[in-house]
Amino acid sequence: MRVFISQPMKGKTKEEIYADRALACRLLEKVGHVVEDSYIDVPPKSVNEALWCLGESLKILSRCDVLLYLGERDRNTKLPRGCEAEIHCAGSYGIPVLYGEEGLRRLCYLGLRENM
């Protein structure tokens with residue numbers, strides 16, 4: 001299964017972003033999933049940076065079977081704008097959305113079942 005990881009990125013370095021997702025990537029790959037790299041490098045000059053990055057991430061999402069959101073999620077926490085758009089698009093186009101540790105556990109279980 002191809003997995004897209006959505007996570008808060010604003011104000012973080014590339015290294016911090018990869019560190020935040022490292023464990024999830026290792027676990028998912030260990031059970032046979034392919035994690036698409038959703039980090040978007042520097043956009044071209046003279047564009048709306050956030051919108052350009054969202055467009056690029058949606059291209060990556062279009063190749064995936066599932067979206068896993070790794071950030072905090074509860075009724076009192078507003079999702080980051082880009083993550084909210086990714087989640088909305090995934091759901092609107094039939095890509096299942098899973099959240100947090102529970103979603104990660106579920107994906108790992110599915111991967112183990114598929115590879116038995």
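Hydrogens, waters and symmetry mates play no part in the numbers below; they use all other heavy atoms, side chains included.
In terms of hydrophobic clustering, with Ile, Leu, Val, Met, Phe, Trp and Tyr side chains grouped at heavy-atom distances under 4.5 Å, Val3 and Leu98 are assigned to a common cluster. Following chains of ILVMFWY side-chain contacts shorter than 4.5 Å, one cannot reach Val34 starting from Tyr109, and the two form parts of different hydrophobic clusters. Transitive grouping of hydrophobic side chains (ILVMFWY, heavy atoms separated by less than 4.5 Å) brings Leu23 and Leu28 into a common cluster. Both Ile5 and Leu27 are assigned to one and the same hydrophobic cluster, defined by single-linkage of ILVMFWY side chains at heavy-atom distances under 4.5 Å. Linking Ile, Leu, Val, Met, Phe, Trp and Tyr whenever their side-chain heavy atoms come within less than 4.5 Å puts Ile60 and Leu58 in one cluster.
Between Pro8 and Gly71, the shortest heavy-atom contact is CD-CA, 3.8 Å. Residues Ala90 and Val97 come closest through the heavy atom pair CB-CG2, 3.8 Å. For Leu70 against Ala24, the heavy-atom pair with the smallest separation is CD1-CB, 4.1 Å. Taking all atoms of both residues into account, the shortest heavy-atom contact from Arg21 to Ser38 is NH1-OG, 3.1 Å. Listed here is the closest heavy atom pair of Phe4 and Cys64: CB-SG, 3.6 Å. Here the shortest heavy-atom pairing between Leu67 and Leu61 reads CD1-CD1, 4.0 Å.
The shortest distance between side-chain heavy atoms of Val31 and Glu114 does not fall below 4.5 Å. Under the 4.5 Å side-chain criterion, counting only non-hydrogen atoms from C-beta, Lys10 is not in contact with Pro80.
A salt bridge does not link Glu84 to Arg81: none of the charged side-chain nitrogens sits closer than 4.0 Å to a carboxylate oxygen.
No donor-acceptor pair under 3.5 Å is formed between the side chain of Ser92 and the backbone N or O of Cys89. In this structure a side-chain-to-backbone donor-acceptor pair under 3.5 Å is present from His33 to Leu107. Between the side chain of Gln7 and the main chain of Ile17, a donor-acceptor pair closer than 3.5 Å is present.
Remark: Glu49 CD is loosely packed, at most 12 non-hydrogen atoms of other residues, nucleotides or ligands lying under 6.0 Å away. The environment of CD in Glu16 is crowded: more than 12 heavy-atom neighbours from other residues, nucleotides or ligands sit within 6.0 Å.
Atom CD1 in Ile40 sits 6.5 Å away from atom CH2 in Trp52 (nearest 0.5 Å). Expressed to the nearest 0.5 Å, how far CG of Leu68 lies from SG of Cys25 amounts to 9.0 Å. We find the NZ-CG distance between Lys59 and Leu54 to be 11.5 Å, quoted to the nearest 0.5 Å. Put simply, OG on Ser62 and CZ on Arg2 are 10.5 Å apart, with the number rounded to the nearest 0.5 Å. Rounding to the nearest 0.5 Å places CG of Leu79 at 10.5 Å from CD of Glu86.
Scanning for salt bridge (Lys or Arg N to Asp or Glu O under 4.0 Å) contacts around Lys12 gives Asp20, with sequence neighbours left out.
The aromatic rings of Tyr18 and Tyr39 are tilted relative to each other, their planes meeting at an angle between 30° and 60°.
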